[in-house]
Engineer: 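Have a look at the structure that comes next, please.
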Amino acid sequence: MTISVVVVDDEPLIRSGLRAIINAEPDLTVVGEAGDGAEVLPVVRRTQPDVVLMDVRMPAVDGIQATRLLLDGLDPAPRVLVVTTFENDDYVYDALRAGASGFLLKRTPPDDIIAAIRTVAGSESLLFPEAIRALALAHVTEQPKPNGLAEYQLTDREQEVLRLMARGLSNAEIAGELILGVQTIKTHVANLLAKLGARDRTQAVIQAYESGFVPLR
Amino acid sequence: MVANVLVRGSTYLRWVYLLLGAALVLAFILVDSGLVSLLDDLNLPKVVTAILVVLVVAVPPLVLGILPAVREVEGIAVESLLGVRFEERPLGPSKTWAQRRRTTTWFCLHLAAGGLVGILSTAVFGFGAVLLAAPFRSPGQRELVPGLNYQVTGRWTDIWMPLATIMAIAALFLLSAGIGALLAYAAPRLLGPTPAERIELLERRTATLAERNRLARELHDSVGHALSLVTIQAAAARRVLSTDPAFAETALAAMETSARAALADLDHVLGLLRDDRRPGSQTAPQATLSNLTRLVEATRAGGITVGVRRTGDLEQLPAAVSREAYRIIQEGLTNAIRHAGRPADDLTVDLLINLDKSGLLLELTNPVSAGAADHSGGGRGLAGIRERVAVLRGTVEAGLVADRWRLAVRLPVAVTTKA
């Protein structure tokens with residue numbers, strides 16, 4: 001199965017570079033490009049990609065707004081992988097909260113860029129769990145709720161699975177850890193995402209951090 | 001404590017500062033005595049002579065104190081000799097009459113204190129030398145000054161003479177240290193900035209700091225952008241080197257150009273900055289002169305006629321200068337519209353951009369209405385332009401030429417010829 005990708009960046013040279021890196025892989029292909037957040041929605045409607053590589057800083061409509069537009073406007077929506085120049089960019093966390101599945105630094109080695117696209121497309125595990133934890137630590141200012149995610153009435157199993165998800169374990173690894181079948185884990189994941197109203201693992205893990213269900217410190 | 005004062009280096013530096021005052025007093029006395037003897041020869045009524053003498057004595061120090069440079073010179077002397085640190089560093093020449101008045105007061109204080117210490121120093125060292133030598137002379141009656149005699153006995157009691165000298169020298173330096181301390185206390189109040197000037201100084205410093213911050217942030221952004229671009233293009237080129245050599249070649253050229261531009265930007269801004277700050281967050285990249293066409297078209301869309309002449313290869317400008325130039329033009333255009341005092345469709349703005357070896361020149365001229373002319377001197381827009389230009393070490397000229405308002409900004413740029 002080929003993973004289709006749309007590249008969004010205001011700099012044509014970044015787009016052409018990413019396109020060459022992605023197209024060099026047999027199972028990945030770039031199906032469209034956009035030079036600004038405002039152009040993303042029509043391109044994605046037309047090309048139906050699996051993953052959108054989204055630059056954060058763009059002149060007219062930035063990556064956060066564009067991510068929101070995509071995820072609110074489309075069903076099914078593609079996975080959004082935010083691409084940024086700076087590690088300590090305040091907007092990365094905003095983009096994750098807006099629904100992006102993960103983020104990449106532009107200086108990431110090409111093999112890791114490819115791996116990240118595959119991870120996000122497969123949605124089998126969390127991309128860069130440590131980085132997401134660090135971002136949450138830097139940006140979550142509210143006091144954790146005393147009862148965590150109690151209002152969502154997760155089962156004990158689902159709570160266990162969510163904790164392991166936050167550590168970055170894949171479905172297969174969680175299955176190994178809990179001595180259960182992979183299919184059972186997939187069901188648990190789907191159920192807990194549905195209960196939390198989360199789009200994917202990243203969103204669920206961010207909720208787990210923000211509510212204090214998984215302690216940050 | 002007395003011994004403490006006498007071994008401290010600052011005591012002697014302060015004494016030197018006072019002697020400078022004494023030297024000036026001596027110079028004034030030489031001039032005054034000449035003039036006063038001339039006055040005497042005129043045989044004027046006593047009252048008139050007295051008034052003239054007072055004038056002759058008082059006017060030269062007052063006139064000197066008013067000279068702007070005196071504040072600068074006194075500032076240096078006070079900092080190095082009295083050990084005072086002013087808030088405004090270095091102390092500039094007086095710019096306002098309040099500053100001149102205060103500087104004159106200080107100058108007169110310096111002369112008075114210096115004159116006193118000068119006289120005492122002369123006396124102490126002059127008579128001291130005589131008294132130190134006295135016990136070694138043959139016994140008898142000696143004259144110190146006419147009417148003041150002392151007795152050399154040749155016995156041990158003569159020891160009071162060198163002792164008195166040492167005591168007098170110690171007293172002299174104690175007194176100098178005391179007067180110096182008083183002056184050091186008064187200096188910031190008289191020579192330094194007043195509270196109002198201090199606030200102004202602080203505001204200027206804050207504005208400059210904010211500008212520097214912004215420059216640093218933008219440098220971080222632009223260099224970060226260029227390096228990301230180079231990284232991605234290099235990674236892509238390596239992957240397709242054998243399958244798509246044409247792409248690899250284009251990528252190499254793009255990397256070369258971006259890296260060179262980033263270096264130029266880095267070079268330029270680091271020359272202007274000493275301190276570096278954390279990068280901030282701003283989602284839109286900053287506009288440069290390459291976006292000028294869009295700005296001019298937006299202005300024209302408002303019904304304003306904008307004539308643009310540009311010479312020189314503006315692509316060669318370091319990005320930092322290009323960004324600032326864009327902003328200056330943006331503010332200049334806004335000001336032109338604001339101060340036109342007439343319907344916009346009746347407004348012509350001429351913009352000249354010239355880049356050559358002497359640097360970058362931006363010149364905006366536009367008509368001003370009679371009513372608008374009086375307040376066009378110091379709008380916030382112009383203040384903003386001055387701050388930007390100051391950080392880039394350029395110059396600003398703004399004023400009426402015939403019936404048109406002219407804003408000319410010169411920015412120094414090291415233009416490197418393209419390889």
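Proteins get letters first, then strands, A, B, ... in listed order; numbering begins at 1 in each.
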Engineer: Among N23(A), D9(A), T85(A), single out the residue with the greatest number of heavy-atom pairs under 4.5 Å to chain B.
Structural biologist: T85(A)

Engineer: So that I can tick it off, tell me whether D55(A) and K106(A) are bridged by a salt bridge, with the cut-off set at under 4.0 angstrom between side-chain N and carboxylate O.
Structural biologist: yes

Engineer: Please determine whether a side-chain nitrogen of the Lys or Arg among D200(A) and R79(A) lies less than 4.0 Å from a carboxylate oxygen of the Asp or Glu.
Structural biologist: yes

Engineer: Does any backbone or side-chain atom of Q65(A) lie under 4.5 Å from a heavy atom of chain B? Answer side chain, backbone, both or neither.
Structural biologist: neither

Engineer: Indicate whether the side chain of R201(A) and that of N171(A) have a donor and an acceptor atom separated by less than 3.5 Å.
Structural biologist: yes

Engineer: Using non-hydrogen atoms and a 4.5 Å limit, figure out which bit of S16(A) sits close to chain B: side chain, backbone, both or neither.
Structural biologist: both

Engineer: Does R107(A) make a cation-pi contact with F86(A) (under 6.0 Å, within 45 degrees of the axis)?
Structural biologist: no

Engineer: Report which part of T231(B) has an atom under 4.5 Å of a heavy atom belonging to chain A: side chain, backbone, both, or neither.
Structural biologist: side chain

